[in-house]
Amino acid sequence: MRTVNRHTVLGHVGNIIPLKGVLKVNVATNREWQSDGERKSATDWVQITVLDKKQAEWIERHVGEGDLVYVESRISNSSYDRGGEKVYVTDVIAQLFNLVSKKAS
């Protein structure tokens, strides 16, 4: 049986953080719900990890704060030791990163 690990994000770029060998892109998404007859909303921030160097270079050149992006990604769990303590990390790894529209001027 085939399995799927796919996560989709459509949101606005908050900031782009270039790190050694990787690019982190923080994307804001909005969610809405109703509680006790009242409409509520909140912003969720998703940090996207871009491992592909060509994709990261393209993002740094063409994508900016406030731009609307569409990202298809996978979720990856890992761990490492820090000072004798095991640290667990969950990453959202970009598979496809598209610029939908530039921020309105």
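One is the number of the first residue; the rest follow in order along the sequence.
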Measuring from [X]:[atom1] to [Y]:[atom2], what's the distance to the nearest 0.5 Å?
{"X": "Thr8", "Y": "Leu10", "atom1": "OG1", "atom2": "CG", "value": "9.5 Å"}
{"X": "Ile59", "Y": "Asp67", "atom1": "CD1", "atom2": "CG", "value": "11.5 Å"}
{"X": "Leu51", "Y": "Ile48", "atom1": "CG", "atom2": "CD1", "value": "11.5 Å"}
{"X": "Lys103", "Y": "Glu65", "atom1": "NZ", "atom2": "CD", "value": "6.0 Å"}
{"X": "Arg74", "Y": "Gln95", "atom1": "CZ", "atom2": "CD", "value": "5.5 Å"}

Can you name the nearest heavy-atom pair linking [X] to [Y], along with the distance?
{"X": "Thr43", "Y": "Ala28", "result": "CG2-CB, 3.9 Å"}
{"X": "Ser76", "Y": "Ile93", "result": "CB-CG1, 4.0 Å"}
{"X": "Val50", "Y": "Ala94", "result": "CG2-CB, 4.1 Å"}
{"X": "Gly66", "Y": "His12", "result": "O-ND1, 3.0 Å"}
{"X": "Ser41", "Y": "Glu32", "result": "CB-CG, 3.8 Å"}
{"X": "Val92", "Y": "Ser73", "result": "CG1-OG, 3.1 Å"}

query = Should Val71 and Ile17 be counted in the same cluster of Ile, Leu, Val, Met, Phe, Trp and Tyr side chains packed under 4.5 Å apart?
reply =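 Different clusters: Val71 never reaches Ile17 through Ile, Leu, Val, Met, Phe, Trp or Tyr contacts under 4.5 Å.
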key: same_hphob_cluster(Val22, Ile16) at 4.5 Å side-chain heavy-atom cutoff   =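 No; tracing contacts between hydrophobic side chains, which count when under 4.5 Å, never links both residues.
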query = Pick from Val27, Val100, Leu99: which one makes a side chain to side chain contact (heavy atoms under 4.5 Å, CB included) with Tyr70?
reply =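 Testing Tyr70 for a side chain to side chain contact (heavy atoms under 4.5 Å, CB included) against Val27, Val100, Leu99 leaves exactly one candidate, Val100.
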ask   = Is there a side-chain contact between Val25 and Val63 (heavy atoms, below 4.5 Å)?
value =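 No, their side chains stay 4.5 Å or more apart.
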ask   = Under the ring-ring contact (aromatic ring centres under 6.0 Å, His included) rule, what pairs show up with a residue in residues 77-105, not counting sequence neighbours?
value =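 Sorted result for residues 77-105: empty, none.
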request  = Any ring-ring contact (aromatic ring centres under 6.0 Å, His included) involving residues 36-58? Give me the pairs, sequence neighbours left out, ordered by first then second residue.
outcome  =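 Listed once each, the pairs are Trp58-His62.
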ask   = Who are the side-chain hydrogen bond (donor to acceptor under 3.5 Å, both in side chains) partners of Gln47, not counting sequence neighbours?
value =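 Expected list: Asn26.
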task = Output all residues satisfying side-chain hydrogen bond (donor to acceptor under 3.5 Å, both in side chains) with Ser101, sequence neighbours left out; order by chain, then residue number.
result =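 Not a single residue meets the side-chain hydrogen bond (donor to acceptor under 3.5 Å, both in side chains) criterion with Ser101.
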task = Return each pair, listed once, that meets salt bridge (charged side-chain N to carboxylate O under 4.0 Å, His left out) where at least one residue sits in residues 82-98; pairs must be two or more places apart or across chains.
result =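 Of all non-adjacent pairs touching residues 82-98, those that pass salt bridge (charged side-chain N to carboxylate O under 4.0 Å, His left out) are Lys24-Asp91.
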key: Inter- and intrachain pairs under salt bridge (charged side-chain N to carboxylate O under 4.0 Å, His left out), touching residues 44-58, at least two apart   =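 Listed by first then second residue: Arg31-Asp44.
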